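Below: one structure, written as structure tokens.
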Amino acid sequence: MKIKVDIGPYKPEPKKIISYKREAPDSFTIRLDWQIEHGPGQFVFCSAPGIGESAISICSDSRNYVDLNIREVGNVTNELGKLQVGDELLVRGPYGTQYPMQDLKGNDFLIIGGGCGVAPLRGVIKYIDGHREDFNDISLFLGFRSPEDALFKDEHEDWDKRHKLFMKFDKMEHENSTACYTGSQGFVTDLVKQEVHDNTNKIAIVCGPPIMIDKTVEILREKGFHDDQIFLSAERLMYCGMARCGRCMIRGKYTCVDGSVFRLDHFEDE
Amino acid sequence: MAGKEKPENGKLKVGFYNVTGCAGCLLSVIYTEGDFLEFSQQVDIVSFPFIKEKNDDEQELDVAFIEGVVVTKADEETVKKIRERSKMVVALGACAHLGNIPALAKMKKSEDLEYLKYKKEDFNMDREGGPAPLHTLIKIDYTLPGCPPDRDEIRQFMKYLLLGKTFRNYNDPVCVECKLRNNGCLLDQGKICLGPIIAGGCKAVCPSGGLKCYGCRGFVQGIDKEFDGYFRIMEDKGFSLDDVKRALETFMAIDAHKVLDEKFAQYQLNRKAREESYE
Amino acid sequence: MQKGVFDDFVREVMQSREFVAPVKGDQTKEVQESFFTDIKDPSQIEIGQLTYFPIKYYFFAKKEVLFSFHKNRIEEPEIDIPERVFFGLRLCDLNSIKHQDTVFLNNGFRADPYYQARREHSLLIGMHCKKGDDHCFCQSIGLKDFYDLMFFDKDEHTYGIDVGSEKGKAFVDEFRRFFEEKEEGYITPEDKVTINTFKLDTTNIKNLWDNEVWSSLSEKCTACAACNNLCPNCHCFTVEDEVEVGDVTKGQRVRKPAACLVKGFTRVAGDHVFRDDLVGRFRHRIFHQLEFFRDRYGETMCTGCGRCIRGCPAKIDWVTGINTAARKQRGGQE
């Protein structure tokens with residue numbers, strides 16, 4: 001018997017691209033005409049039909065649109081890089097946990113990001129800017145490979161005005177680079193070491209490559225941070241977003257539904 | 001990557017070539033039937049000696065497929081020239097990839113091969129150093145392994161070329177597809193099946209027909225401890241390293257000894273260390 | 001049911017449905033070991049032993065077309081699903097279907113439509129298993145009754161049948177003439193007994209995460225993933241797009257089973273592999289079977305069928321390995 005299947009949960013919907021901005025040689029940000037409830041830290045699946053589907057984190061906080069920052073590292077993301085304003089992109093979501101901003105009111109925030117890990121943190125910053133009176137001091141510690149690779153360059157000035165912005169670059173290829181607002185050579189972990197003194201009423205949000213997360217967590221713990229003050233994002237291969245495909249499992253936790261935002265005391269690495 | 005070479009306007013220029021080999025791999029390309037016809041309409045087939053009367057052997061190419069192993073000086077010159085005028089070179093089949101049967105000549109003295117000659121004057125293996133797979137002489141961008149290469153993988157490669165998508169070879173062991181094809185295990189029957197350490201993508205065609213895997217597609221890439229497991233199984237079943245080598249020689253005469261010796265030495269070290277740690 | 005009418009019963013069911021039952025494998029045939037298939041004649045049925053191959057691919061297809069696309073236009077697939085009666089499932093097979101139901105239908109997200117469609121057109125008839133073999137250990141797991149109908153070998157002439165669901169009841173009503181009504185309690189607890197000679201001492205292995213047992217067990221492992229592919233519970237998958245050569249903007253998104261033992265399982269763009277170490281992959285599989293699934297859904301995923309040991313080229317006996325390690329650990333703590 002032939003049965004027409006309602007593919008509901010796996011069906012991506014086309015959404016119009018209303019803006020496209022190249023951030024770095026291998027990274028760009030698109031804005032989708034997509035009105036959907038979402039929180040900072042959540043992600044969506046983007047399809048490039050014929051190539052495949054990729055999980056991409058949301059880097060905005062709005063009910064009117066969704067911003068996605070995409071780094072071109074694989075087949076799907078390379079294909080997405082060819083999109084233009086006016087094109088439609090197939091998406092489904094959002095999926096995953098969010099930073100529990102409601103529960104964290106009244107705290108100082110250390111927002112620590114490395115490379116493309118800064119993308120979801122922009123969502124956090126946007127949220128804070130929208131609810132500024134709920135939060136105290138906000139410090140941003142961002143690290144990139146080089147000034148050219150820095151994401152959201154034209155927002156740095158604004159971020160520095162509203163909050164405290166610290167930046168480090170692995171390499172300063174061009175001495176007089178104007179590509180970024182401010183920053184010097186070094187690692188984001190150096191910044192955390194220098195600028196963070198204690199854990200009083202502080203929440204640290206860490207997102208970046210695994211090695212950077214590990215190092216940062218180590219330093220934060222040395223500074224007296226408890227694991228329930230630290231949030232991190234895990235990245236894994238995933239196909240469904242519904243705790244089925246099993247690819248994203250980290251010691252029994254599905255990154256797609258239990259994460260990708262984990263409070264450190266709820267997270268056990270393998 | 002596959003797509004970067006794709007010209008903005010016009011079609012990809014594609015050539016198919018053959019050095020010493022049986023031409024079975026080129027035949028496999030044709031065996032993709034309707035799909036090859038579709039493919040040939042979307043690219044510009046500059047050269048394909050099997051199916052074209054006039055072949056252009058001077059033009060610059062986007063993609064060159066080369067079948068066969070380099071055995072003669074002339075072969076070597078051919079492949080080097082193809083490399084020079086091609087943006088992408090694809091090693092097609094086990095000969096081009098690993099050396100395959102012709103490379104067995106490396107394990108014999110040349111006098112012992114005399115009896116193989118049909119006619120004395122035609123017998124030519126004049127390349128110094130003996131038969132060589134392509135990657136030892138020129139840069140290879142992609143490999144379509146197998147003897148013969150799998151039709152569906154060739155199809156897949158054509159699609160990826162047209163899509164501009166980076167091609168990645170199937171890299172799970174033969175056993176994965178073998179079990180999905182409802183086969184029992186030949187190792188259980190006491191055969192030296194190479195399935196666990198050989199990359200699949202062939203849909204386990206040999207084990208499905210009751211033949212052990214001979215390893216025509218080369219090792220699974222990036223594995224290490226898996227070799228230890230395999231040697232251990234062999235040892236438990238009473239096979240020696242030489243038995244495994246012999247099984248692997250057919251298609252991998254060049255790599256079989258070197259790689260297996262290396263992995264076996266590592267296996268013995270690991271085993272010793274482990275035994276000591278238990279004590 | 002009288003055993004004498006069983007063949008007639010099967011033939012009658014086959015008039016309107018596919019009848020899927022265990023049959024023997026044959027080295028010379030396409031399927032070399034025992035497996036489930038839609039039979040053509042009742043004489044094919046072989047219920048003497050647990051099948052080598054699992055039942056799962058009838059529900060969780062080896063290749064499932066999620067949808068077809070042409071550029072951004074998406075079209076729902078039509079799948080061909082015959083009405084199927086599954087016969088001869090053992091309690092371990094049935095529980096594995098229960099666990100797959102948990103993942104694909106009841107995990108808190110919208111039900112997986114493909115799996116759901118296949119399950120809806122199925123009827124599960126179990127066959128009670130009195131005695132396990134050298135590799136199975138269902139008694140160590142604590143399986144649940146989960147079936148539409150369950151056959152028990154009552155005596156030489158009779159099958160006792162337990163009705164486990166409304167669906168099962170409707171089926172019995174449809175084929176009324178083969179069944180006889182019996183009093184409540186006709187199936188006794190003794191009928192439900194299964195004897196295992198092989199045992200897993202504990203499914204609680206949380207404390208064994210850092211144990212050396214994993215490296216000693218995986219010493220013989222080649223990461224061939226036979227355990228994954230033969231396991232009736234393993235349900236991890238991969239999703240790929242397949243396009244047409246003639247027009248690469250047309251194609252299908254397909255889902256295929258994936259095996260966590262192989263290296264590529266956790267590979268991401270940029271060629272980073274998260275679970276790179278074979279020992280870690282081996283441990284992950286067992287932990288998913290015994291711990292992770294229970295943490296989430298309250299039941300041990302492993303159903304103790306032993307297919308992973310039977311089908312392993314190295315016959316890695318992780319059950320004994322865990323028993324020994326757990327015993328050692330207990331000894332150490334006392």
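In this text the structure is predicted, and so the values were computed from the model without any measurement. Letters go in sequence order (proteins before strands), and every chain restarts at 1.
Interface residue C:Arg110: backbone and side-chain heavy atoms are both found under 4.5 Å from chain A. Within the 4.5 angstrom heavy-atom criterion, atoms from both the backbone and the side chain of C:His235 approach chain A. Proximity to chain C (any heavy atom under 4.5 Å) is shown, for A:Ile3, by both the backbone and the side chain. Neither the backbone nor the side chain of A:Val76 comes within less than 4.5 Å of any heavy atom in chain C. Both the backbone and the side chain of C:Asp112 come within contact range of chain A, judged by heavy atoms closer than 4.5 Å. Proximity to chain C is absent for every atom of A:Met238, based on heavy atoms less than 4.5 angstrom apart. Only the side chain of C:Arg255 comes within less than 4.5 Å of a heavy atom in chain A; its backbone stays farther off. Only the side chain of C:His121 comes within contact range of chain A, with heavy atoms under 4.5 Å apart. Heavy-atom distances place the backbone of C:Lys71, and not its side chain, under 4.5 Å from chain A. For C:Phe69, the part sitting under 4.5 Å from any heavy atom of chain A is the side chain, from C-beta outward, and nothing else. Of the atoms belonging to C:Phe104, heavy atoms from both backbone and side chain fall under 4.5 Å from chain A.
For chain C, the option among A:Glu53, A:Met249, A:Glu88, A:Lys253 with the highest count of heavy-atom pairs below 4.5 Å is A:Met249. Contact count against chain A (heavy-atom pairs under 4.5 Å) is highest for C:Ala111 among C:Pro257, C:Ala111, C:Pro82. Chosen from A:Lys4, A:Lys2, A:Glu235, A:Arg236, the residue pairing most often with chain C at heavy-atom distances under 4.5 Å is A:Arg236. The most heavy-atom pairs under 4.5 Å with chain A, out of C:Arg296, C:Arg267, C:His284, come from C:Arg296. Counting heavy-atom pairs closer than 4.5 Å to chain A, the top-ranked of the candidates C:Val268, C:Asp271, C:Asn72 is C:Asn72. Between chain C and the residues A:Pro12, A:Ala243, A:Gly252, the largest count of heavy-atom pairs under 4.5 Å involves A:Gly252. Comparing A:Gly74, A:Gly8, A:Pro14 by heavy-atom pairs within less than 4.5 Å of chain C, the highest count is held by A:Gly8.
Remark: C:Asp295 does not engage A:Arg251 in a salt bridge, criterion side-chain N to carboxylate O under 4.0 Å.
Considering only residues two or more places apart in sequence or on other chains, A:Arg221 meets the side-chain hydrogen bond (donor to acceptor under 3.5 Å, both in side chains) condition with A:Asp227.
The shortest side-chain heavy-atom distance between A:Val73 and C:His272 does not fall under the 4.5 Å cut-off. Residues C:Val103 and A:Met242 fail the side-chain proximity criterion, which asks for heavy atoms closer than 4.5 Å. Counting heavy atoms from C-beta outward, C:Tyr114 and A:Ile7 have side chains that approach closer than 4.5 Å. Using a 4.5 Å heavy-atom cutoff, the side chains of C:Gln116 and A:Val5 are not in contact. The closest side-chain heavy-atom distance from C:Phe109 to A:Arg244 is below 4.5 Å. The closest side-chain heavy-atom distance from C:Phe67 to A:Lys11 is not below 4.5 Å.
Between A:Pro210 and C:Phe274, the closest heavy-atom pair is CG-CE2, 4.4 Å. Taking all atoms of both residues into account, the shortest heavy-atom contact from C:Ala258 to A:Arg247 is CB-NH1, 3.3 Å. Considering all non-hydrogen atoms of both residues, A:Gly246 and C:Cys236 come closest at CA-SG, 3.6 Å.
Environment of NZ in A:Lys168: crowded, with over 12 heavy atoms of neighbouring residues, nucleotides or ligands closer than 6.0 Å. Other residues, nucleotides and ligands contribute at most 12 non-hydrogen atoms within 6.0 Å of the NZ atom of A:Lys16.
Identified by a heavy-atom distance below 4.5 Å to chain C, the contributing residues of residues 42-50 of chain A are A:Ser47, A:Ala48, A:Pro49, A:Gly50, in residue-number order. Among the residues in residues 261-270 of chain A, those with a non-hydrogen atom closer than 4.5 angstrom to a non-hydrogen atom of chain C are A:Glu270. Among residues 237-247 of chain C, the residues having any heavy atom closer than 4.5 Å to a heavy atom of chain A are, in sequence order, C:Phe237, C:Thr238, C:Val239, C:Asp241, C:Val243.
Here CZ of C:Arg73 is found 12.0 Å from CG of A:Leu90. Values are rounded to the nearest 0.5 Å. Note: C:Asn107 CG to A:Tyr254 OH = 8.0 Å, rounded to the nearest 0.5 Å.
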